[in-house]
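Below is one structure, written out as structure tokens, with a few remarks after it.
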Amino acid sequence: MARFIFVTGGVVSSLGKGLASASLASLLQHHGYNVRIRKLDPYLNVDPGTMSPYQHGEVYVTDDGAETDLDLGHYERFTGVVSKKSDNITSGKVYQKIISKERRGEYLGATVQVIPHVTNEIKEFISNDIQDEDFVICEIGGTIGDIESLPFIEAIRQFNNDNGRENSMFVHVTLVPFIASSGELKTKPTQHSVKELRSLGIQPDILLCRADREIPADERRKIGLFCNVKHDCVIQAINANTIYEVPINFKNEELDKRVLEYFKLDNSKEIDLKMWSQVSKHILDPDGEVSIGIVGKYTGLADAYKSLNEALSHGGIFNNVKVSLKWIESDELNESNVNLKLSSCNGILVPGGFGERGSEGKILAIQYARTNNVPYFGICFGMQLAVIEMARNILNIKDASSSEFGNSKNSVVGLMTEWTTSDNKVEKRQLNGDLGGTMRLGAYDAMLKKDSKVFKIYENEIISERHRHRFEVNNNYEKDLMKEGVVFSGYSPDGLLPEIVEISNHPWFIGVQFHPELKSKPFDPHPLFKSFISAAKDQSRLV
Ligand code: GLN
């Protein structure tokens with residue numbers, strides 16, 4: 001039977017509960033256990049798909065087509081376990097389900113209430129779709145004390161009671177801040193947060209205390225005393241040099257041993273975390289550096305492109321170089337500054353994006369990369385805009401555009417209203433239907449042309465990558481572009497949707513309709529990112 005570990009957060013947000021959950025999962029895997037990690041998000045959106053990346057960071061897409069929280073990306077990158085739709089729930093989803101059940105009359109005249117209807121729905125989610133997992137780690141979004149998360153806290157309290165306390169445990173991540181004026185680490189915020197948690201009926205079994213320096217044993221003992229936690233279960237989580245060091249730090253603090261001890265499992269095995277020490281070493285001690293310009297819209301918030309940052313750094317791990325990212329706000333690019341702003345980049349990348357704002361700046365950056373032989377990587381929107389750029393500047397179709405920006409005579413990129421899913425069903429969309437959950441989402445196969453650059457990179461004819469888009473490149477323009485050396489080198493298996501474009505006589509110019517960054521792992525970097533960073537490394541030797 002699966003054992004459950006509930007991870008909550010206290011004091012402030014952004015303490016890295018997601019990373020803590022993912023790192024703990026990795027340690028348990030090293031002990032030979034099967035793990036799953038789930039995220040319970042208290043906000044009312046049905047999924048994060050319609051939220052601004054500024055508010056919520058990147059939307060992570062799973063193979064089975066769910067738009068989920070970016071923490072699921074951490075989970076996959078740390079464990080290699082493919083996340084599923086059933087691994088992320090929001091209050092919005094819970095209420096949507098309950099309200100439609102109520103409308104169908106499924107509650108038989110009962111008054112529908114938070115307890116038991118909402119909490120039951122949450123409990124069902126927690127234990128749903130579990131096969132042979134030894135551990136299921138459930139991270140609860142938000143911070144203890146938030147109004148929104150109350151039903152979730154109540155649900156995990158009940159779950160623990162229903163399933164036998166020996167089968168689940170509570171880990172609480174808190175902050176122990178250093179106050180410069182008194183020169184001391186302060187334990188009070190942690191005490192208060194645990195007090196709040198206990199008032200909701202939950203006694204944490206382990207405290208993971210984030211701090212920017214060692215927490216002296218005396219202070220840890222004090223936290224244990226005030227919070228009713230065994231003193232060796234008050235574990236310090238000191239800021240790491242790279243996120244990939246966190247599993248190593250947790251092992252050194254014996255987090256794995258305490259968890260196994262709780263569940264009365266053998267904890268005597270010394271696990272070898274060579275995998276993480278090698279990854280960390282490549283990140284902390286690289287041999288050289290490349291600079292990649294990312295031309296996008298939400299460049300002020302690194303979380304908006306979380307998986308992309310990580311995938312680029314994985315490309316750096318493989319090539320043993322530091323990848324330094326230069327964030328360029330596409331709105332601010334124009335003809336007179338583009339050369340200056342991009343001249344120091346060894347590679348240029350236009351990531352996924354939506355809407356017209358900033359698109360002209362991105363097109364200028366693509367033109368710069370194409371005409372100056374600078375490696376260019378276009379992801380989703382970045383591929384669509386690359387085709388628009390080439391239609392305008394190579395084929396001379398001056399009004400080439402995307403129907404995403406309004407009607408144009410020359411919609412090089414158009415709205416998809418019909419496509420075939422991976423299990424051969426036809427999906428249809430209305431031209432002006434809902435925006436939420438109506439994209440081509442999740443993993444789809446693509447067929448690669450045998451003599452193409454991408455075929456050499458993937459070393460495979462069939463690939464599977466994750467998608468999240470409404471629009472597609474119109475292949476009516478393929479013939480004319482081909483004459484100019486532009487190859488549509490990847491297509492959907494039915495041969496209808498262009499998946500990849502590349503330029504033959506360019507050092508590295510590849511646009512993909514999918515999001516390869518979602519599948520890259522530090523211990524298994526994605527082939528396109530390995531190859532892109534290697535091209536940027538070659539370029540850096542030229543300048
Ligand atoms: N806005 C484009 C579309 O919907 C691209 C989406 C993306 O980059 N993920 O097709």
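Order of appearance sets the numbers: ligands from 1, and atoms from 1 within every ligand. Values below: every heavy atom of this structure, side chains too, minus hydrogens, waters and symmetry copies.
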*Could you pull out every protein residue that has a heavy atom closer than 4.0 Å to ligand 1, ordered by chain and then number?*
Gly352, Gly353, Phe354, Cys380, Phe381, Gln384, Glu404, Arg468, His469, Arg470, Phe471, His515

Can you give the donor-acceptor pairs under 3.5 Å from side chains of residues 21-28 to other protein atoms, not counting sequence neighbours?
residue: Ser21; atom: OG; partner: Lys17; partner atom: O; Å: 2.7
residue: Ser23; atom: OG; partner: Leu19; partner atom: O; Å: 2.7
residue: Ser26; atom: OG; partner: Trp276; partner atom: NE1; Å: 2.8

*Hey, could you give me each pair passing salt bridge (charged side-chain N to carboxylate O under 4.0 Å, His left out) that has a residue in residues 316-327? Not counting sequence neighbours.*
none

*Tell me whether the guanidinium CZ or amine NZ of Arg38 lies under 6.0 angstrom from the six-membered ring centre of Phe125 and within 45° of its axis.*
yes

_According to salt bridge (charged side-chain N to carboxylate O under 4.0 Å, His left out), does anything in residues 475-490 pair up with another residue at least two apart or in another chain? List the pairs._
Lys449-Glu478, Asp480-Lys483

*Should the ring pair Trp508 and Phe377 be called parallel, tilted or perpendicular, given that the plane angle runs from 0 to 90° and is split at 30 and 60?*
perpendicular

*Tyr444 six-ring face occupied by Arg440 cation (under 6.0 Å, within 45°)*: yes

